[in-house]
Enquirer: 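Sharing a structure, written as structure tokens. Questions coming.
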Amino acid sequence: MGLKHGMHKLAVVCGFLVILAMIVSGCGGNGDKPGKKETAGPAARQYYIFGTVVNIKLYDDAKAQEHLDHIDTMLKTLDEELSRTLESSQLYEVNKEAGKQPVEVSEDTMAVVKRSITYAEESGGLFDPTVGGLVDLWDIGNGGEHVPDPKDLQRELSLVGYKDIVLDEAKQTVFLKRPGMVLDLGGIGKGYAADVVAEYLREEGVTSALVDLGGSSIIVIGSKPNGDNWNIGLQDPDSTRGISVGTIRLNDQVIDTSGIYERYFIENGVMYHHILDPRTGAPAQNNLKSVTILAGNAMDADALSTFVYIMGLEEGLQYIEDLNDNTEAMFITTDDKIYVTSGLKDSFKVSSDQYTLVE
């Protein structure tokens, strides 16, 4: 599929339905070794990027404060480049100049836009970064949620089309061909930021760290401070936070979940969630509560969890199996069944009586 970056591996827990269980202590069970001592508490700091509160914790790091200061600069820079709503950002300028003129951007912005086009091509358009107008129209999660007027929906749907993004790598510019097009990198922007931060920390020799993006994305670098694997619990989509459907033990991997039960609204008895199908302009309808992806980096996991969800259970399962790499997936259906790809059959354990793992 060609989605791997070759970056250092990290462990990432992202999305709306994933929780991190027993991060430092009390993580007993298979795989933990007795007699290990936990280390002192982490150095921690809070940031704000892409409209999300980010909490970072570094364990056993002699230069923790220096690293946290540098991360602050990194995240502020990425916000100025990739935020769609920040009026001073490069992406905001690209959208403002749609149909008018190309906009010169940074290497980071060019890399993310270029990668988003690759995802669009490899997903057959199921991942499309030009859905920003549709996202604004539905406004799910921002207080203005409503079912759009059909004429408005068709207008914004007509402006979706990743093939109308023009990149000039020599001049390092991005241009949207048609007025009214809106480029939205929200589907992979956080993943990119996670990869950049994780790469920096690994290069600095950090071996144990936690990055929590507003509770929806959790990045775990390396192992627990005592050397054990992290014990990851996946949130039950039908319950409050803290109730999991099962657990999986990980070290240096990426997990990303796209789900429907935290950003949604109900109108006339119908639930509408935030995962929009670029083909219809409406929320994807496929009897899935969530899709969880394990991959080699956060950008790939972000994109895959989105367009594999839109694919649906059968096509999505087959797509991941056909990748023939270390990418794995878990699907939770609306009838409370859990389906996993072959590589997860021995590592994922169901802990809820409500759900059945389909063998």
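Note that these values count all heavy atoms, side chains included, but never hydrogens, waters or copies made by symmetry. Since the structure is predicted, the reported quantities are computational estimates derived from the model, not experimental observations.
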Enquirer: Begin with the C-alpha distance, continue with both residues' side-chain angles, and end with the deciding distance and a verdict on salt bridge (charged side-chain N to carboxylate O under 4.0 Å, His left out) for K151 and D149.
Expert: CA-CA 5 Å; K151 291 182 180 179; D149 181 274; over 6 Å; no
Enquirer: Any chance you could measure F265, atom CZ, to I140, atom CD1, to the nearest 0.5 Å?
Expert: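 Those atoms lie 5.0 Å apart.
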Enquirer: Can D236 and Y355 be counted as having a side-chain donor-acceptor contact under 3.5 angstrom?
Expert: yes
Enquirer: For Y47 and L68, indicate whether the former's side chain and the latter's backbone hold a donor-acceptor pair under 3.5 Å.
Expert: yes
Enquirer: Between Y192 and L185, is there a side-chain heavy-atom distance shorter than 4.5 Å?
Expert: no
Enquirer: Identify whether L134 and L159 are in the same connected component of the hydrophobic contact network (ILVMFWY, side-chain heavy atoms under 4.5 Å).
Expert: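 No, it is not one cluster - the side chains of L134 and L159 are not joined through contacts under 4.5 Å.
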Enquirer: When you compare the side chain of L344 with that of L294, does any pair of heavy atoms fall below 4.5 Å?
Expert: yes
Enquirer: Answer whether the closest heavy-atom distance between the side chains of Y119 and M299 falls below 4.5 Å.
Expert: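 They are in side-chain contact.
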Enquirer: For D152 and R155: C-alpha separation, side-chain torsions, deciding distance, then whether salt bridge (charged side-chain N to carboxylate O under 4.0 Å, His left out) applies.
Expert: CA-CA 5 Å; D152 294 334; R155 180 192 70 243; 2.8 Å; yes
Enquirer: Given 3.5 Å as the limit, does a donor-acceptor pair link the side chain of N142 with the main chain of G144, or not?
Expert: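 Here the side-chain-to-backbone pair does not exist.
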Enquirer: Is it the case that the side chains of S83 and S89 hold a donor-acceptor pair, with the cut-off being a distance below 3.5 Å and no angle test?
Expert: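 No.
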Enquirer: Quick check: do H70 and E204 have side-chain heavy atoms less than 4.5 Å from each other?
Expert: no
Enquirer: Side chains of D336 and K289, heavy atoms from C-beta outward: is any pair under 4.5 Å?
Expert: yes
Enquirer: Do side-chain atoms of E145 reach the backbone of G141 as a donor and acceptor pair under 3.5 angstrom?
Expert: yes
Enquirer: State, yes or no, whether a side-chain contact exists between S208 and D60 at a heavy-atom distance under 4.5 Å.
Expert: no
Enquirer: Under a 4.5 Å side-chain heavy-atom rule over Ile, Leu, Val, Met, Phe, Trp and Tyr, are L313 and L323 clustered together?
Expert: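 The answer is yes; both residues are in one hydrophobic cluster.
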Enquirer: Are L75 and D79 side-chain neighbours, meaning at least one heavy-atom pair lies under 4.5 Å?
Expert: no
Enquirer: Hey, could you give me the CE/CD1 distance between M74 and I49, rounded to the nearest 0.5 Å?
Expert: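 One finds 9.5 Å between CE of M74 and CD1 of I49.
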Enquirer: Answer yes or no: is there a side-chain heavy-atom contact under 4.5 Å between L201 and L58?
Expert: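 Yes, side chains in contact.
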Enquirer: Roughly how far, to the nearest 0.5 Å, is the CG atom of D69 from the CZ atom of R45?
Expert: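 R45 CZ to D69 CG: 4.5 Å, rounded to 0.5 Å.
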Enquirer: Do S106 and D108 get their side chains close enough for a donor-acceptor pair, meaning under 3.5 Å?
Expert: no
Enquirer: Is it true that a side-chain atom of W138 and a backbone atom of H273 form a donor plus acceptor pair closer than 3.5 Å?
Expert: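 No: the side chain of W138 does not pair with the backbone of H273.
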Enquirer: Does a sphere of radius 6.0 Å around NZ in K63 hold more than 12 heavy atoms from other residues, nucleotides or ligands, not counting ones at 6.0 Å or beyond?
Expert: no
Enquirer: Shared ILVMFWY cluster between V160 and V182, side chains joined below 4.5 angstrom?
Expert: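 V160 and V182: separate clusters.
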Enquirer: Is a donor on one side and an acceptor on the other found under 3.5 Å between the side chain of N286 and the backbone of Y309?
Expert: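 Present.
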Enquirer: Determine whether a donor-acceptor pair (N or O, by modelled atom type, separation under 3.5 Å) exists between the side chain of N95 and the backbone of L183.
Expert: yes
Enquirer: May I ask you to check whether H67 and Y200 place their ring centers less than 6.0 Å from one another?
Expert: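 Yes, the ring centres sit under 6.0 Å apart.
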Enquirer: Return yes if some donor-acceptor pair links the side-chain N/O of E321 with the main-chain N/O of S342 below 3.5 Å, else return no.
Expert: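 Judged by distance alone, yes, a pair lies under 3.5 Å.
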Enquirer: Is there a salt bridge (charged side-chain N to carboxylate O under 4.0 Å, His left out) between R115 and D302? Walk through the geometry before answering.
Expert: CA-CA 12 Å; R115 199 65 189 171; D302 267 354; over 6 Å; no
Enquirer: State plainly whether one hydrophobic cluster holds both V103 and L167, where clusters connect Ile, Leu, Val, Met, Phe, Trp and Tyr through side-chain heavy atoms under 4.5 angstrom apart.
Expert: yes
Enquirer: Please check if any side-chain donor atom of E328 sits under 3.5 Å from a side-chain acceptor atom of T341, or the reverse.
Expert: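 Yes, T341 and E328 have a side-chain donor paired with an acceptor closer than 3.5 Å.
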Enquirer: Supply the atom-to-atom distance D128 CG to I117 CD1, rounded to the nearest 0.5 angstrom.
Expert: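 Nearest 0.5 Å value for the CG-CD1 distance: 9.5 Å.
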Enquirer: Rounded to the nearest 0.5 Å, how far does NZ of K76 lie from CG of L78?
Expert: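 It comes to 13.0 Å.
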Enquirer: Find the distance between OG1 (T292) and CD1 (I332) and round it off to the nearest 0.5 Å.
Expert: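 Output value for this atom pair is 6.0 Å.
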Enquirer: Group every Ile, Leu, Val, Met, Phe, Trp and Tyr by side-chain heavy-atom contacts under 4.5 Å, then state whether Y162 and V94 land in the same group.
Expert: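 Yes; V94 is reachable from Y162 via cluster members.
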Enquirer: Testing Q172, E93, Q90 one by one against T109 for a side-chain hydrogen bond (donor to acceptor under 3.5 Å, both in side chains), which residue passes?
Expert: Q90
Enquirer: Pick out which of V112, V113, I165 makes a side-chain contact (heavy atoms from CB on, under 4.5 Å) with P129.
Expert: I165
Enquirer: So, does D195 use its side chain to make a donor-acceptor pair with the main chain of A298 at under 3.5 Å?
Expert: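 Yes: the side chain of D195 pairs with the backbone of A298.
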Enquirer: More than 12 heavy atoms of other residues, nucleotides or ligands under 6.0 Å from CD of E267: is that the case?
Expert: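 Counting neighbours around CD of E267, more than 12 heavy atoms of other residues, nucleotides or ligands fall under 6.0 Å, so yes.
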